[in-house]
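As the structure is a computational prediction, the values presented were derived from the model and not from experiment.
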Amino acid sequence: MSDQLAEKGAIPSGNSSDQKDSKFSAVSLDDEESGTGIPGVPLENTEVMETTAPPVGAALLRLKAATETRLRCTKQILSEKFGKGSRTVDVQLDERISLLRETQRKYYTIIGLVRKLSTQLRASMETQQVLGDTFAEYAVHVPELSEEFRRNGGIQRHVARNGESLLAIMAAFEGKLDTLSRKTIEDTMVKVKEYESARVEYDAFRTDLEQLRAFKVQNPGNTGKAMKLERAEADFEVHKNRYDKMRSEVSIKLQLLDENKTKVMQSQLVLFHNACCAFYTADAAKLAECIQQFHIKLPPSERGAAPTEAVKFTMLPVAGDIESDSAVSSSAGTPRY
């Protein structure tokens, strides 16, 4: 009975392991026929995977082109350095770039000097503050000279307070100048370096094109370098357009920088001049006006301090005292030094 059912296909013959092996072999045969070797992946999908792979050949071509350009630029720089090659010169633009470099060097010099002056002035203000406190202390302990000690102590403390305001203004002046030199001007100098690099590349490809054209003129029957000449002309046009673009961008950037630089320096120089005049004339009100006008933050030690009143410097009478001292000395018969 079972044999009859097996012959009709109602009951599968053989064990289960044989059936699994037959199924696996069938799948493997189907995959081999599909050409993929991966179950369930058709052949056309593998073609898509192959096309999306990274183009190694294109990367090598780009690397080769970059290397050739670098070699050309190195050759051009060396030929210019030893006087054997020619270079493209834009007289007006080169003069403006040279002037900008000189201006940046001058601003760096001013920054260094202002920083040095601030250090020296801060040390002087600290000494004057200590001297003023010492005078005030002696005014209490020496009653017969209390008025003189008190006046000297007040002057020294007043100058020290004004010095803190001047130091704050000098720090603001230095910060503005540093930002202008190291950020604004340096940003333009980065663009200038890109322009100079484009100029070297342009001259390098121009030199190669001129040499190929000269060779063609000298050898009109030689057609072996025709394709190389066409390629050199195409590369020359690309680098010429880049050079013209960079030159225009640098020119515009220099013009905008000149306008901004003039405005910033004019305001900062006026601030520095007014602050120095107010300090050396002991005009605390003018110093406070400079601080408010340019929105300068005072150091924490001075923020909560009361506004300094204007001090009027007066010379104390000393001529009479000198004469009386001389009279006492002559009467006593002992010299006074």
When rounded to the nearest 0.5 angstrom, what is the spacing between [atom1] in [X] and [atom2] in [Y]?
{"X": "I169", "Y": "I296", "atom1": "CD1", "atom2": "CD1", "result": "5.0 Å"}
{"X": "T188", "Y": "L256", "atom1": "OG1", "atom2": "CG", "result": "8.5 Å"}
{"X": "L257", "Y": "T103", "atom1": "CG", "atom2": "OG1", "result": "9.0 Å"}
{"X": "T134", "Y": "N152", "atom1": "OG1", "atom2": "CG", "result": "11.5 Å"}
{"X": "L254", "Y": "I185", "atom1": "CG", "atom2": "CD1", "result": "10.5 Å"}

For [X], which residues count as a salt bridge (Lys or Arg N to Asp or Glu O under 4.0 Å) partner, sequence neighbours excluded?
{"X": "R150", "answer": "E147"}
{"X": "D187", "answer": "K253"}
{"X": "K261", "answer": "none"}

Practice problem: Taking S251 for its side chain and R247 for its backbone only, find out whether a donor-acceptor pair lies under 3.5 Å. | Solution: no
Quiz item: Any donor and acceptor pair, going by atom type alone, linking the side chain of S267 with main-chain N or O of V264 inside 3.5 Å?
Solution: yes
Compare every heavy atom of [Y] with every heavy atom of [X], then report the nearest pair and how far apart it is.
{"X": "A160", "Y": "Q129", "value": "CB-OE1, 3.4 Å"}
{"X": "H158", "Y": "A282", "value": "NE2-O, 3.9 Å"}
{"X": "N162", "Y": "A284", "value": "OD1-CB, 3.5 Å"}
{"X": "G132", "Y": "R157", "value": "O-NH1, 3.2 Å"}
{"X": "A139", "Y": "S146", "value": "O-CB, 3.1 Å"}
{"X": "L287", "Y": "A275", "value": "CD2-O, 3.6 Å"}

Quiz prompt | E126/V130 under side-chain contact (heavy atoms from CB on, under 4.5 Å): CA gap, chis, key distance, verdict | solution = CA-CA 6 Å; E126 292 175 355; V130 174; 5.7 Å; no
Quiz item: Do the side chains of Q268 and L271 get nearer than 4.5 Å, heavy atoms only?
Solution: yes
Practice problem: Flag the pair K75 / T207 as yes when at least one side-chain heavy-atom distance between them is below 4.5 Å, and no otherwise. | Solution: no
Quiz item: Would you call K191 and E194 a salt bridge, taking side-chain N to carboxylate O under 4.0 Å as the test?
Solution: yes
Practice problem: With sequence neighbours left out, write down each residue that passes ring pair (Phe, Tyr, Trp, His ring centres under 6.0 Å) with Y243, or none if nothing qualifies. | Solution: Y195, Y202
So, using side-chain contact (heavy atoms from CB on, under 4.5 Å) as the criterion, who are the partners of [X] when residues are at least two apart?
{"X": "C277", "answer": "H273"}
{"X": "E233", "answer": "L209, R213, L229"}
{"X": "D203", "answer": "Q76, E80, R87, T88, R199, R206"}
{"X": "K193", "answer": "E186"}

Quiz item: If you group Ile, Leu, Val, Met, Phe, Trp and Tyr by side-chain heavy-atom gaps below 4.5 Å, do I111 and L117 land in one group?
Solution: yes
Self-check item: L99-I110 co-clustered via ILVMFWY side chain contacts under 4.5 Å
Solution: no
Suppose clustering is done on Ile, Leu, Val, Met, Phe, Trp and Tyr with side-chain heavy atoms closer than 4.5 Å. Which residues sit in the same group as [X]?
{"X": "L131", "result": "F135, Y138, V142, L145, F149"}
{"X": "V270", "result": "none"}
{"X": "L78", "result": "F82"}

Self-check item: Residue pairs passing the side-chain hydrogen bond (donor to acceptor under 3.5 Å, both in side chains) test where at least one lies in residues 107-124, sequence neighbours excluded
Solution: Q104-Y108, R115-E174
Self-check item: CD (Q92) with more than 12 external heavy atoms under 6.0 Å
Solution: no
Quiz prompt | Neighbour count above 12 (heavy atom, 6.0 Å) for E259 CD | solution = yes
Quiz item: Between K228 and L212, does a side-chain contact (heavy atoms from CB on, under 4.5 Å) hold up when you go through it step by step?
Solution: CA-CA 8 Å; K228 191 173 182 180; L212 289 173; 4.3 Å; yes
